[in-house]
Amino acid sequence: MTIEGHGGELALAALQQHGISELFTLSGGHIFPFYDAAVKRDVRIVDVRHEQTATFAAEGMAKLTRRAAVAVLTAGPGVTNGMSAIATASFNGAPVVVLAGRAGQQRWGAGSLQEIDHVPFVAPLVKQASTVTSVDSIYDDVSDALEIATTPHRGPVFLDFPIDVVFAHGTTDADVLETSQPDLADPDDIARAAAIIATAERPALIVGSDAYWAHGEDQLANVAEALRVPVFMNGMGRGLLPPGHELAFNRTRGLLKDEADAIVVIGTPLDFRLRFGSYGDAKVVHIVDADSQRAAHTKPEVTVVGELSSTLRALAAYTGDRKDHKSWIERLRLAEDAGRDADRDLLDSTSDPIHPARIYGEVLKKLDHDAVVVCDGGDFASYAGKFVDVWQPGGWLDTGPYGCLGSGPGHAIAARIAHPDKQVVMFMGDGAFGFAGMDFDTMVRHKLPVVAVIGNNGIWGLEKHPMQAIYGYDVAADLQPGCRYDKVVEALGGGGELVEHPDDIGPALERAFASGVPYVVNVLTDPANAYPRSSNLG
Ligand SMILES: Cc1ncc(C[n+]2csc(CCOP(=O)(O)OP(=O)(O)O)c2C)c(N)n1
Ligand SMILES: [Mg+2]
């Protein structure tokens with residue numbers, strides 16, 4: 001089929017071929033052709049108030065749909081403003097395709113508006129960064145970008161379009177899509193990994209985002225059940241096994257370093273969240289989706305490299321020797337239940353000023369199993385990882401190991417667009433609100449109701465408490481106490497209210513869910529409460 005049109009039309013034709021139905025963007029003349037094509041082709045344009053939000057929204061959309069998603073950023077500052085979110089997508093293996101404007105190539109070097117070569121400074125953050133040089137190649141270049149972004153190990157891809165290329169008229173022969181076959185793992189490596197799990201006394205799986213990207217949920221359940229092995233989940237891995245599953249655990253990860261004798265980490269790096277891959281005397285197996293994901297800092301017993309759902313299927317088919325893990329599973333279940341009982345006191349806390357955990361206690365009473373939970377903040381958001389059970393794959397959006405504040409509004413926008421009928425609840429710190437708070441305006445303009453709950457302690461809590469611990473004093477760690485972020489959102493056209501006492505949280509949440517508008521429940525919490533963690537630096 002021959003496609004004809006300006007560069008924007010050729011790009012959008014490729015995007016639509018890949019099922020992309022929305023662009024996240026903030027306007028700039030360099031990128032008008034993408035808009036013109038989107039209007040004509042009925043692709044939704046979600047225009048935001050800062051390019052970080054456009055790019056975080058694309059990242060959120062990719063995470064929620066497990067397909068590529070697109071941010072369109074204008075030349076120069078549009079791109080530089082999107083960089084933190086591009087880095088975040090890279091850390092999370094999220095297939096975000098960034099299409100950017102660029103000063104014209106005919107006059108390159110003469111000092112056009114926003115003339116800067118993005119490629120060298122974006123390249124370290126993406127799987128591929130390049131400049132389109134001919135309008136006739138746009139369809140293929142965009143198709144390739146989508147293919148690269150969605151091939152394991154997934155990640156962002158960047159393409160910029162000189163203004164004189166993207167405004168030009170071109171033609172292309174659009175081929176039928178060919179998807180490449182992913183690389184499969186070596187069966188011997190899989191057999192060794194399976195034998196380690198099966199013959200250990202006290203094994204555990206820790207499963208992360210790449211297993212989610214690989215649609216690994218059914219295979220993961222098969223592995224857990226076939227090998228009788230407890231499963232812990234992090235990042236987008238949360239929800240792959242529902243919390244009601246007899247082999248799903250969340251609160252007992254701390255026991256692993258002293259008690260487990262085999263740890264199998266699937267689809268997530270051996271980074272600071274996983275003790276850098278060191279679990280006492282336990283054998284560590286690392287199962288990854290591409291060579292680039294091998295750990296360079298530590299040497300696991302076995303590293304299995306290849307497409308993850310196939311690896312999981314092969315692990316589940318193991319038929320060799322095995323030990324009984326019954327007493328280990330019972331030991332973890334007892335500890336897990338004890339942990340949950342201990343949490344109850346915090347979730348029900350009657351202290352006034354409000355303990356942040358009480359907010360979770362109230363939200364959990366109202367949260368549907370298919371809700372999407374978004375986290376953006378320091379201490380306040382950390383409680384979510386502990387208290388919020390994720391019942392379905394894709395029910396959880398956090399910033400991931402890059403830890404960039406300000407991801408929440410973009411993620412929440414994506415969640416509401418991807419799931420118009422599900423609850424979308426965002427847990428935000430008061431500090432976090434400041435980064436992308438203006439994008440509540442985007443939610444208002446685009447009619448994207450989201451319930452945001454701010455744990456407003458008046459401080460950068462995750463920095464203030466550690467600074468006190470290290471220096472005995474703190475600086476640059478205070479925010480305005482009792483600041484009325486709810487009124488900010490009201491002024492933007494949304495809803496909001498202030499909550500100062502624990503018993504008022506529940507009714508405020510009722511009103512928020514019923515409001516049908518973007519709504520902030522601004523809960524003043526006790527700044528003395530630090531999230532209990534061993535290393536408190538963020
Ligand atoms: C973009 C960015 N800047 C700074 C930090 C460092 N940082 C991590 S947590 C945190 C405090 C967050 O405060 P708030 O959102 O109010 O949550 P709290 O810890 O008070 O609950 C800061 C500044 C970061 N992670 N990201
Ligand atoms: Mg705070």
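Every heavy atom of this structure was used, including side-chain atoms; hydrogens, water molecules and symmetry mates were not. One-based numbering, in listed order, for ligands and for the atoms of each.
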Just go through Gly461, Gly458, Ala530 and tell me whose heavy atom is the nearest to atom 20 (O) of ligand 1. Gly461
Provide the number and element of each atom of ligand 1 under 4.0 Å from a heavy atom of Gly377. 15 (O)
Smallest separation among heavy atoms of His30 and Gly101, with atom names: CB-CA, 3.8 Å
Check all N, O or S atoms of Asp430 and name the one closest to the Mg ion (ligand 2). OD1
Please tell me whether Ser407 and Tyr402 have a donor and an acceptor in their side chains that are separated by less than 3.5 angstrom. no
Has Arg416 got a side-chain atom pairing as donor or acceptor with Met443's backbone, closer than 3.5 angstrom? no
Flag Phe380 as yes when one of its N or O atoms lies below 3.5 Å from any N or O atom of ligand 1, and as no otherwise. yes
I'd like to know if the side chain of Asp430 and the backbone of Gly458 have a donor-acceptor N/O pair within less than 3.5 Å. yes
Enumerate the atoms of ligand 1 whose separation from the nearest heavy atom of Asp379 is less than 4.0 angstrom. 18 (P), 19 (O), 21 (O)
Need the ligand 1 atom indices (1-based, order shown) with element for anything under 4.0 Å from a heavy-atom of Glu463. 6 (C), 7 (N), 8 (C), 9 (S), 10 (C), 22 (C), 23 (C)
Have a look at ligand 1 and work out which part of Asn457, if any, has a heavy atom under 4.0 Å from it: side chain, backbone, both or neither. side chain
Contacting atoms of ligand 1, where contact means under 4.0 angstrom from a heavy atom of Gly403: 24 (C), 25 (N), 26 (N)
Go through ligand 1 atom by atom and flag the ones less than 4.0 Å from a non-hydrogen atom of Ile459. 16 (O), 20 (O)
Does any non-hydrogen side-chain atom of Arg66 lie less than 4.5 Å from one of Pro393? yes
Any carboxylate oxygen within less than 4.0 angstrom of a Lys/Arg side-chain nitrogen, looking at Arg102 and Asp117? yes
Pair Asp291 + Arg294, salt bridge at N-O below 4.0 Å: yes
Which atoms of ligand 1 sit under 4.0 Å from any heavy atom of Gly431? 14 (P), 15 (O), 16 (O)
Heavy atoms only: which of Phe435, Tyr531, Trp460 lies closest to atom 3 (N) of ligand 1? Phe435
With a 3.5 Å distance limit and no angle check, can you tell me whether Gln52 reaches the backbone of Asn81 through a side-chain donor-acceptor pair? no
Min over Gly378, Pro527, Ser407 of heavy-atom distance to atom 17 (O) of ligand 1 lands on Gly378
Can you tell which of Ala476, Ala432, Gly434 gets a heavy atom nearest to atom 15 (O) of ligand 1? Ala432
Glu59 with Arg154: basic N within carboxylate O range, under 4.0 Å: no
N/O/S atom of Asn456 under 2.8 Å from the Mg ion (ligand 2), yes or no? no
Under 4.0 Å from ligand 1, counting heavy atoms only, is it the side chain of Phe433, its backbone, both or neither? neither
